[in-house]
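Just so it is clear, the model here is predicted, and its values are computed rather than measured. Residue numbering restarts at 1 for every chain, and letters A, B, ... go by the order of the sequence lines.
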Amino acid sequence: VTSATFDRVLQTVPEVAHAVHLSADGTAVVPGDLLEVCRLRVAMLLGNEALLAEARVQQADLVADLPNWPTSSRFSTAQRACLALTEEFVIDVASSSDESLAAVTAELGEQGMADFVSALLITEQRQRLAMMWERLGV
Amino acid sequence: MTDIVQHTPRITAGVHAHDALRGGLNKFASAVVRLGNVDPVTTEIVRLRCASHHQCGT
């Protein structure tokens, strides 16, 4: 979903629109490659076909390999750690494991883990909002 | 509803996400809370459900 979509849908609540953009800008704190693989994995788990169709145009191999992240040599240790946490986060955030958090912390440090979790939340929120709006036809 | 797993704190006190992330998230939450489009009862039910799901004790 584009920033223009958020502007259009949230045009009557500019304060919310501003905050949504601010949040999205903040995700630049996290290494782009890490967040991108997780963004795509979130899309797969949520069934965000619109985002995946877009991604397949530019990153077809990555999208095809992503379901195999536990074993594919394409993904770094840091990416695997973040993908494992991402899956738990999306499926049941309250049950995310200490082990998965520790693995991300081992790769990114504690500050990096805190940043990653917040960026992941923003990434997931944006997709859920976009999908809901699509289903509502707004 | 599934049982909530109770965790001990998993991040050192004083460690927070980068200001660029926290600032956006806080502004978003504040702006949404100030909206009045949804009736108060539904808003409160959702708020409590979210607090339970995210183990928020505040």
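The CG atom of A:Leu22 sits 6.0 Å away from atom NZ of B:Lys27, with the distance rounded to the nearest 0.5 Å. To the nearest 0.5 angstrom, A:Ile122 atom CD1 is 4.0 Å from B:Leu25 atom CG. Atom OG1 of residue B:Thr12 and atom CD of residue A:Gln111 lie 10.5 Å apart, to the nearest 0.5 angstrom. A:Thr105 OG1 to B:Ile11 CD1: the interatomic distance, rounded to the nearest 0.5 Å, is 7.5 Å.
Annotation for A:His18: atom NE2 does not count as buried by contact number, only 12 or fewer foreign heavy atoms lying within 6.0 Å. Under a cut-off of 6.0 angstrom, the local environment of CD in A:Glu134 is sparse, with at most 12 non-hydrogen atoms contributed by other residues, nucleotides or ligands.
Heavy atoms closer than 4.5 Å to chain A are found in the side chain of B:Arg34, but not in its backbone. Interface residue A:Val29: only side-chain heavy atoms are found under 4.5 Å from chain B.
No hydrogens or angles considered: nothing links the side chains of A:Ser23 and B:Arg22 as a donor-acceptor pair under 3.5 Å.
Residues A:Ala114 and B:Ala17 approach most closely at O-CB, 3.7 Å, considering heavy atoms. Shortest non-hydrogen contact noted between A:Val16 and B:Ala31 is CG2-CB, 3.8 Å. Contact between A:Met113 and B:Arg10 at its shortest, heavy atoms only, is CE-O, 4.0 Å.
Put simply, the side chain of A:Asp115 gets close to the backbone of B:His18: a donor and an acceptor are under 3.5 Å apart. The closest donor-acceptor contact from the side chain of A:Glu110 to the backbone of B:Val15 lies at 3.5 Å or more, if one exists at all.
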